[in-house]
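As structure tokens, the structure follows; a few thoughts come after it.
Here the structure is a predicted model, which is why all the values come from computation and not from measurement. Reckoned from all heavy atoms, side chains included, excluding hydrogens, waters and symmetry mates.
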Amino acid sequence: MNLYIVSSSTIRRLFTLIKPADFQLLLRGIVDSHHPVRKPEDHVAIDGKTLRGSHCHAKIVTAMQMVSAFSVENRLTLSEVKTNSKSNEITAIPVLLALLELEGATVSIGAIGCNDTVINAILAQDAHYIVGLKRNQPSLYQAVLNYASEKGNKINLNSG
């Protein structure tokens with residue numbers, strides 16, 4: 001029996017030929033087959049991260065940024081999307097949301113997701129949302145404070 005070891009360049013060429021969306025569907029099928037009693041997503045946490053060590057010192061290349069969706073109920077990353085090199089999480093989040101089945105789930109996301117595009121993408125899937133709000137959106141921030149004070153609720157202003 002002859003045993004051949006595939007070179008790393010052959011494996012690299014193979015992965016460049018595979019469309020990321022198709023590969024993601026394949027992986028999701030594998031996960032689903034190994035996790036058949038998976039519960040429906042109740043809470044999906046969306047978060048962006050910069051991958052350490054992914055930048056190049058010799059060239060001016062910034063570190064890679066990814067946005068991921070994590071199922072809190074199943075303790076499983078549902079999907080990830082790489083941000084464009086000249087953009088940030090704001091453009092990647094709607095792409096990530098389009099890959100998910102969110103009906104009935106609650107999506108939590110930081111203040112970067114506090115915009116109409118992200119909120120409408122969540123609502124289009126009949127999901128609920130919890131979104132962070134910071135003072136860098138002064139009119140919306142003030143409107144929330146006014147609404148809360150009208151309802152007799154106190155808001156902790158010490159948390160950013």
Side-chain angles (χ1 to χ4, degrees), residues 14-52 54-55 62-160:
L14 173 69
F15 277 103
T16 60
L17 296 173
I18 299 172
K19 293 179 183 173
D22 293 340
F23 190 63
Q24 185 172 6
L25 285 173
L26 174 68
L27 290 177
R28 186 170 188 154
I30 291 169
V31 168
D32 288 345
S33 70
H34 285 81
H35 199 356
V37 291
R38 196 176 96 194
K39 301 171 189 168
E41 271 66 68
D42 286 339
H43 178 196
V44 176
I46 307 289
D47 194 20
K49 296 289 178 211
T50 300
L51 303 180
R52 293 180 61 181
S54 62
H55 66 282
T62 58
M64 184 185 306
Q65 293 184 323
M66 301 287 291
V67 179
S68 62
F70 181 76
S71 170
V72 175
E73 188 72 24
N74 293 299
R75 298 181 182 183
L76 178 72
T77 298
L78 300 172
S79 188
E80 292 180 317
V81 172
K82 179 183 173 218
T83 63
N84 293 331
S85 61
K86 304 235 179 201
S87 184
N88 60 18
E89 297 171 34
I90 294 173
T91 57
I93 292 170
V95 174
L96 176 66
L97 292 170
L99 297 172
L100 304 173
E101 296 172 16
L102 297 171
E103 186 175 351
T106 299
V107 177
S108 65
I109 189 166
I112 196 145
C114 189
N115 65 61
D116 290 340
T117 305
V118 172
I119 301 302
N120 289 334
I122 294 169
L123 292 175
Q125 293 198 43
D126 293 326
H128 310 281
Y129 62 90
I130 300 171
V131 179
L133 174 62
K134 290 186 177 180
R135 292 182 180 150
N136 63 350
Q137 296 187 14
S139 58
L140 180 59
Y141 187 82
Q142 191 58 49
V144 170
L145 287 178
N146 293 343
Y147 178 80
S149 66
E150 287 173 10
K151 300 295 181 185
N153 297 322
K154 293 182 181 178
I155 295 180
N156 180 6
L157 299 176
N158 297 327
S159 60

Return the [atom1] to [atom2] distance between [X] and [Y], rounded to the nearest 0.5 Å.
X	Y	atom1	atom2	answer
Ile119	Leu97	CD1	CG	9.5 Å
Ile109	Ile122	CD1	CD1	6.0 Å
Leu140	Arg135	CG	CZ	13.5 Å
Tyr141	Cys114	OH	SG	12.0 Å
Leu78	Ser71	CG	OG	5.0 Å
Leu17	Phe23	CG	CZ	13.0 Å

- Query: Can you check side chain to side chain contact (heavy atoms under 4.5 Å, CB included) on Thr91 and Ile93, steps first, answer last?
  - Reply: CA-CA 6 Å; Thr91 57; Ile93 292 170; over 6 Å; no
Residues that [X] engages under side chain to side chain contact (heavy atoms under 4.5 Å, CB included), provided they are two or more places apart:
X	answer
Gln125	Leu102
Ala92	Val67, Val81, Thr83
Phe70	Val72, Arg75, Thr77
Leu25	none

- Query: Where do Ala69 and Leu96 come nearest, in terms of heavy atoms and distance?
  - Reply: N-CD2, 3.8 Å
- Gly104 and His128: which non-hydrogen atoms are nearest, and at how many Å? O-CD2, 3.9 Å
- Query: Is the backbone N or O of Met66 less than 3.5 Å from a side-chain atom of Glu89, with the two atoms forming a donor-acceptor pair by type?
  - Reply: no
- Query: Excluding sequence neighbours, so at least two apart, what forms ring pair (Phe, Tyr, Trp, His ring centres under 6.0 Å) with Tyr147?
  - Reply: none
- Task: Quick one: which residue pairs count as a side chain to side chain donor-acceptor pair (under 3.5 Å) with a foot in residues 100-118, not counting sequence neighbours?
- Result: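 Every side chain to side chain donor-acceptor pair (under 3.5 Å) pair that includes a residue of residues 100-118, provided the two are not neighbours, is His43-Ser108.
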- Item | Contacts of Ser68 that satisfy side chain to side chain donor-acceptor pair (under 3.5 Å) - sequence neighbours left out |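 Ser68 satisfies side chain to side chain donor-acceptor pair (under 3.5 Å) with no other residue.
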- Task: Not counting sequence neighbours, which residues clear side chain to side chain donor-acceptor pair (under 3.5 Å) with Asn146? List them please.
- Result: Gln142
- Message: Side chains of Tyr129 and Val118, heavy atoms from C-beta outward: is any pair under 4.5 Å?
- Response: no
